[in-house]
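Read through the structure below, which is laid out as structure tokens, and then see the notes.
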Amino acid sequence: MLEATYLPEDYVAKPQSLHDRVVIVTGSTSGLGRAAAIAFAQAGATVVLHGRNQAKLDALYDELDAMQVPQPAIMLLDFLKATQAELDAFAQTIEAKLGRIDGIFHGASHFSPLMPLAMQNLDIWLQNTRVNLAVPTALTKACLPMLLAAPDASVVFLTETHAITPTAYWGPFAPVKNSLAVMVQIWQAELPKPSGLRMNLLLPGPVSGPFRGKTHPGEALNAERDVASLCPAFLFLMGSDSAGVAAKVLDCT
């Protein structure tokens with residue numbers, strides 16, 4: 001597992017800490033992705049909103065537009081079906097329209113109902129691997145030239161508590177999320193040196209939201225802390241305050 005690091009005590013991002021940056025947020029219409037997209041926009045970033053539901057993307061776009069933040073962009077793409085050519089086109093469209101990419105927050109995820117490994121079939125494994133590991137890696141590859149060209153770029157992947165402490169019934173989600181730690185170390189080791197690009201994992205810990213509702217259906221609504229409590233961690237990793245923090249897991253548990 002990656003070496004753990006922690007958010008500085010009482011960390012508060014500077015106003016407009018992401019001014020003039022272009023940040024992709026995958027899975028931006030719900031959960032951690034939605035919270036990150038709003039936080040980045042309020043910090044001055046031009047946010048590329050990714051999702052697979054046009055109506056939800058339009059609604060988030062309108063919400064951000066009403067906040068008088070930098071005008072976001074929308075990229076509609078289903079990661080369960082995406083090809084490398086489509087991911088390359090994704091990156092090329094951003095370059096053509098916005099001219100740069102300074103960060104990626106990989107918020108998109110695929111989760112299957114909890115059940116024993118003996119009941120998991122190949123399709124379930126492939127879906128989890130595609131959305132939670134393969135496509136984020138391939139999208140990062142597509143964006144790599146622009147990320148390397150940025151003076152201070154950051155890529156953030158999300159891990160999960162059960163990927164670090166394995167628990168019954170959490171396969172294949174937990175094993176695939178565990179693989180992200182290896183992938184981040186390989187990416188970071190292969191980057192040219194010196195480089196302003198850093199890649200890290202974020203371990204959010206238990207938070208209220210759609211994902212928690214799936215994994216703990218009997219739990220009282222809002223029993224855990226609100227996802228907004230993680231926004232300082234999002235801003236820390238995406239902004240220049242985390243320069244020098246690379247190939248680590250930011251533990252927010």
Side-chain angles (χ1 to χ4, degrees), residues 1-19 21 23-45 47 49-51 56 59-60 63-64 66-67 69-70 72 103-109 111 132 136 154-165 167 170 173-174 177 180-181 184 198-243 245 248-253:
M1 185 58 192
L2 297 177
E3 178 185 351
T5 188
Y6 300 90
L7 189 67
E9 189 174 353
D10 300 324
Y11 175 78
V12 178
K14 301 178 184 69
Q16 295 296 295
S17 60
L18 301 181
H19 178 66
R21 299 192 186 206
V23 179
I24 300 169
V25 178
T26 71
S28 65
T29 58
S30 66
L32 301 184
R34 175 183 168 81
I38 293 172
F40 296 157
Q42 291 176 330
V47 180
L49 306 171
H50 159 266
K56 290 182 178 180
L60 180 55
E63 184 177 342
L64 290 176
M67 294 180 185
V69 297
I104 307 175
F105 183 92
H106 287 290
S109 68
F111 180 77
N132 298 327
S154 175
V155 179
V156 179
F157 300 87
L158 297 179
T159 189
E160 211 278 334
T161 304
H162 299 86
I164 297 171
T165 306
T167 306
W170 277 82
F173 186 79
K177 283 289 188 179
L180 286 171
V184 164
R198 57 197 178 277
M199 301 196 186
N200 291 286
L201 283 179
L202 173 68
L203 175 61
V207 292
S208 296
F211 180 79
R212 187 76 182 179
K214 293 178 181 178
T215 61
H216 296 74
E219 189 175 75
L221 186 64
N222 297 325
E224 300 294 341
R225 60 201 167 116
D226 188 84
V227 67
S229 65
L230 293 170
C231 288
F234 299 159
L235 293 169
F236 172 75
L237 284 179
M238 195 56 64
S240 59
D241 287 339
S242 62
V245 178
K248 291 183 169 57
V249 55
L250 183 66
D251 188 343
C252 298
T253 58

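The model shown is predicted, which means the values in this text are computed figures rather than measured ones. FYI, side chains are in, hydrogens and waters are out, and symmetry mates aren't considered; it's all heavy atoms of this structure.
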**Message:** Between Leu202 and Phe234, is there a side-chain heavy-atom distance shorter than 4.5 Å?
**Reply:** yes

**Asked** Are side-chain heavy atoms of Leu158 and Ser109 found at a separation under 4.5 Å?
**Response** no

**Request:** For residues Thr159 and Lys177, report the shortest heavy-atom separation together with the two atoms involved.
**Result:** OG1-O, 3.9 Å

**Heavy-atom pair of closest approach, residues Leu203 and Glu160** = CD1-C, 3.6 Å

**Item:** Any Phe105 side-chain heavy atom under 4.5 Å of Ile24 side chain
**Value:** no

**Closest non-hydrogen atom pair, Val23 against Ala45** = CG2-CB, 4.1 Å

**Message:** I want to check something: taking the side chain as every heavy atom from C-beta on, are Val207 and Leu32 in contact at a cut-off of under 4.5 Å?
**Reply:** yes

**Message:** Tell me the closest heavy-atom pair linking Thr167 and His162, and the distance in Å.
**Reply:** OG1-CD2, 3.2 Å

**Request:** Heavy atoms only: give me the nearest Val47-Ala41 pair and the separation to one decimal.
**Result:** CG2-N, 3.6 Å

**Item:** Audit row: Leu18, Leu235, side-chain contact (heavy atoms from CB on, under 4.5 Å) steps and yes/no
**Value:** CA-CA 8 Å; Leu18 301 181; Leu235 293 169; 4.0 Å; yes

**Inter-residue atom distance Lys248.NZ - Met199.CE, 0.5 Å rounding** = 15.0 Å

**Complete:** In terms of heavy-atom contacts, Ala39 and Cys231 come closest through CB-SG, 3.9 Å

**Prompt:** Between His50 and Val25, is there a donor-acceptor pair closer than 3.5 Å when you use the side chain of the first and the backbone of the second?
**Reply:** no

**Fill in**
Between Val156 and the options Ile104, Leu201, Leu237, the side chain to side chain contact (heavy atoms under 4.5 Å, CB included) test singles out Leu237

**Request:** Go through Leu250 and Val245 one step at a time and tell me if the side-chain contact (heavy atoms from CB on, under 4.5 Å) criterion holds.
**Result:** CA-CA 9 Å; Leu250 183 66; Val245 178; over 6 Å; no

**Prompt:** Is the backbone N or O of Arg34 less than 3.5 Å from a side-chain atom of Ser28, with the two atoms forming a donor-acceptor pair by type?
**Reply:** no

**Item:** Interatomic distance, Ser30 atom OG to Leu60 atom CG [nearest 0.5 angstrom]
**Value:** 10.0 Å

**Request:** Measure from the side-chain N and O atoms of Gln42 to the backbone N and O of Gln16, and report whether any donor-acceptor pair falls under 3.5 Å.
**Result:** no

**From CA spacing to verdict: side-chain contact (heavy atoms from CB on, under 4.5 Å), Leu7, Cys252** = CA-CA 7 Å; Leu7 189 67; Cys252 298; 5.7 Å; no

**Fill in**
Taken in chain and number order and not counting sequence neighbours, the residues that satisfy salt bridge (Lys or Arg N to Asp or Glu O under 4.0 Å) with Lys56 are none

**Item:** Aromatic ring pairing His106/Phe157, orientation class (parallel under 30°, perpendicular over 60°, tilted between)
**Value:** parallel

**Prompt:** Are the side chains of Arg21 and Ser240 in touch, meaning some heavy atoms are under 4.5 Å apart?
**Reply:** yes

**Item:** Polar side-chain atom of Thr253 near backbone of Gly205 as donor-acceptor pair, under 3.5 Å
**Value:** no

**Under 3.5 Å donor-acceptor, Thr26 side chain and Ala108 backbone** = yes

**Prompt:** Do the side chain of Ser17 and the main chain of Ala43 share a donor and acceptor less than 3.5 angstrom apart?
**Reply:** no

**Item:** Test side-chain contact (heavy atoms from CB on, under 4.5 Å) applied to Val184 and Asn200, step by step
**Value:** CA-CA 7 Å; Val184 164; Asn200 291 286; 5.7 Å; no

